[in-house]
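Working notes, beginning with the structure itself.
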There are 2 protein chains.
Amino acid sequence: MSVEPLPNIDRSTLRERVLRALRSAITSGAYRPGDHLGEVELAGRLGVSRGTVREALRHLQQEGLVTAGNRGMLRVNSLSVEEIRGLFRVRAALEGLAVTEIIARPDRSAAVAALRAAVDELAGAGDDFAAKVEADLGFHVRLCELSGNPMLVESWRHLEGRMRVTIMNRDPEEAPAMMTPGRHAPIIEAIERGDLPGALAVVEEHMAAAADHFTSTRAR
Amino acid sequence: MSVEPLPNIDRSTLRERVLRALRSAITSGAYRPGDHLGEVELAGRLGVSRGTVREALRHLQQEGLVTAGNRGMLRVNSLSVEEIRGLFRVRAALEGLAVTEIIARPDRSAAVAALRAAVDELAGAGDDFAAKVEADLGFHVRLCELSGNPMLVESWRHLEGRMRVTIMNRDPEEAPAMMTPGRHAPIIEAIERGDLPGALAVVEEHMAAAADHFTSTRAR
DNA sequence: CTCCCTCCGACTGTCGACAGACTACCTGCC
DNA sequence: GGCAGGTAGTCTGTCGACAGTCGGAGGGAG
C-alpha cells in the first residue's frame with residue numbers, strides 16, 4: 001500500500017486564513033490607507049460570517065495595519081510624520097540590539113552568510129516592487145532572527161504592519177531607491193569585521209535615511 | 001439651568017470592560033500562569049456571551065498574557081528562562097532609546113522631575129506588593145512616555161503583558177528587592193547630568209540585574 | 001431660502017445555538 | 001489482565017439574527 005501522496009491537510013482555522021487574506025489584501029495595495037473596511041462587505045466577499053472577519057480585523061488592529069475611526073469603524077491605518085520618525089528610531093534601537101547580539105555570537109560567520117543570501121534576494125527582485133518590499137523586510141527580520149532572541153523578533157514584527165502601510169502610502173515609483181543591496185551591504189560588512197560601533201552607526205544611519213525618505217513627498 | 005453633575009457616561013464597549021477585567025484578574029494573580037481560561041466558564045462568570053469573552057481573550061493573547069495550548073485552548077502564559085533573558089535585553093534597548101531621546105530634549109529637567117515623582121510613588125508603596133509592581137512598571141513606562149515617541153511607548157506596552165506574567169510567576173515575598181527607589185535613582189541622576197553613556201550603562205545594568213532576578217529561583 | 005425635525009439606511013455590538021474535534025473513560029473481547 | 005473499540009462529555013470554531021446608534025437625506029415650517 002502506498003503512503004506518500006495524501007497532500008498535507010490544512011489544519012488552520014478559518015479565522016487564520018481570513019487574517020492572512022486580509023493582511024495580504026492590505027499589504028498588496030488592494031486596500032489603500034484610509035479605506036473603510038466594513039465587516040459586512042468583507043464577510044460577504046470572503047464567504048464567511050461576520051464574527052470570523054471581526055476577529056481577523058481586531059488582530060490586524062493590534063498589528064497596526066488597521067485603526068479604529070468614528071463609531072468603531074475600521075480603516076486602513078496611515079501614520080503621521082512624527083509617528084514615522086518615531087517608528088524608525090525604535091527600529092534602529094531594535095536592529096541595533098540585533099547586530100549587537102549577532103556580533104557577540106560564536107557563529108557570526110553563519111549569520112553573515114545568511115544575511116548575504118537575504119541581500120541576494122533583494123538584488124534578484126529586479127523591478128518587481130512587491131518582491132523588493134518583501135526582500136527588504138525579509139532582510140531586516142532575518143537580522144532579528146539571527147540574533148537568537150525570539151522576543152526581539154516578536155517586537156520587530158509588532159512594528160511590521162505599521163511599516164507596511166507606510167510603504168504602501170507612497171508611490172511605488174520612487175520607493176526602490178531605498179531598497180537596494182548597496183544600502184544593506186555595509187551592515188553585513190561591519191558585522192563581519194566584528195565592528196560593533198561601526199555596525200550600530202550604519203544601522204542608525206540606514207534608519208535615519210529611511211525615515212527621511214518616508215517623511216518627504218508623502219501621500220500619493 | 002444647572003449643567004454640572006451628570007456623571008460621565010461610560011461609553012466603553014462590553015468587550016473593553018471584559019478585557020480590562022480579565023487583564024486585571026491575571027495581573028492580580030487571581031489566575032496563575034498555566035491556568036486554563038475556558039470561554040464558557042468566563043462568559044458565565046462575567047455574565048456576557050462567549051463571543052465577547054473570546055475577543056477579549058484574543059486581545060490578551062496578542063499582548064502575551066495568554067497563550068494557546070492544545071486544541072486552541074488558552075491559558076495564562078509563562079515565559080521560559082531564555083525568553084525572560086531576551087525580554088529584558090529588548091527592554092534595555094527600548095529604554096536605552098528612551099533615555100537617549102530624553103537627554104536630547106530641551107525640557108530635560110521637566111522629565112527629571114516627572115521621574116522623581118514616579119520613584120516617590122514607588123517609595124510610598126510600602127509593603128504592598130501590587131502597588132510596588134504598579135509603581136515600578138509605572139516608572140519605566142513613564143520613562144518611555146517622556147521620550148515623546150509614542151511608537152516607543154507602544155512597543156514597550158507590547159512587552160508589558162509578558163513582564164507581568166513573569167512577575168506573577170514568582171513569589172511576592174522575594175520580589176521587592178528589585179523594586180526599590182535606590183535601584184531607579186541612578187537612572188534619573190545620569191539623565192540629569194546629561195551623561196548619555198552613563199545612563200545607557202545604568203539602564204543596561206538595571207535590566208541585566210532584573211533578568212538575573214527573574215531567572216533564578218523560578219516558579220513558586 | 002434657511003433651519004429644524006423626522007425618517008431611513010448602514011454599520012457595529014452582542015447574543016444564543018449548532019457543529020466539529022479531541023479527551024477520557026468504560027466496556028467487552030482475547 | 002491487557003488491549004481495542006465504542007461512547008459520553010467538554011471545549012472551541014463558526015454562524016445567523018437582533019438590537020442599538022450614528023449620519024445623512026428629505027420634507028415641512030418660518
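Every chain is numbered from 1, with letters handed out A, B, ... down the list of sequences. These numbers come from a predicted model, not from an experiment.
The residue R15(B) sits close only to the backbone: its heavy atoms come under 4.0 Å of sugar-phosphate atoms, none of a base. R17(A) comes within 4.0 angstrom of nothing in the nucleic acid, heavy atoms only. Note on L37(A): only backbone sugar-phosphate atoms sit closer than 4.0 angstrom, heavy atoms only; bases stay farther off. Residue contacts shown for V40(B) include a base, since a base heavy atom lies under 4.0 Å away.
The side chain of R11(B) contributes an N or O atom lying less than 4.0 Å from OP1 or OP2 of dC22(D). An OP1 or OP2 oxygen of dT12(D) is reached within less than 4.0 angstrom by no side-chain nitrogen or oxygen of T13(A). Between dT12(D) and R54(B), no contact under 4.0 Å exists linking OP1 or OP2 to a side-chain N or O. Of the side-chain N and O atoms in N70(B), one or more sit less than 4.0 angstrom from OP1 or OP2 of dT23(C).
H59(A) and Q62(B) share a side-chain donor-acceptor pair at under 3.5 Å. Side-chain contact of E154(B) with H158(A): a donor-acceptor pair under 3.5 Å is present, judged by distance alone.
Atom NE2 of residue H184(A) and atom CE of residue M179(A) lie 8.0 Å apart, to the nearest 0.5 angstrom.
The base of dG13(D) has none of its N or O atoms less than 3.5 Å from a complementary donor or acceptor on the side chain of R71(B).
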**OP:** Could you walk me through whether E63(B) and R162(B) pass the salt bridge (charged side-chain N to carboxylate O under 4.0 Å, His left out) test, one step at a time?
**Re:** CA-CA 7 Å; E63(B) 285 187 5; R162(B) 293 167 178 88; over 6 Å; no
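The distance from atom CZ of R58(B) to atom C1' of dT14(D) is 12 Å, rounded to the nearest whole Å. E41(B) has its CD atom 13 Å from the C1' atom of dT10(D), to the nearest Å. Distance CD (E39(B)) to P (dT14(D)): 11 Å, rounded to an integer number of Å. Whole-Å rounding puts the H59(B) NE2 to dG13(C) C1' distance at 17 Å.
Classification of R45(A) and E41(A) as a salt-bridged pair holds, one side-chain N sitting under 4.0 Å from a carboxylate O.
Positionally, the nearest nucleotide of DNA chain C for H36(A) lies more toward the 5' end than for the other of G51(B) and H36(A).
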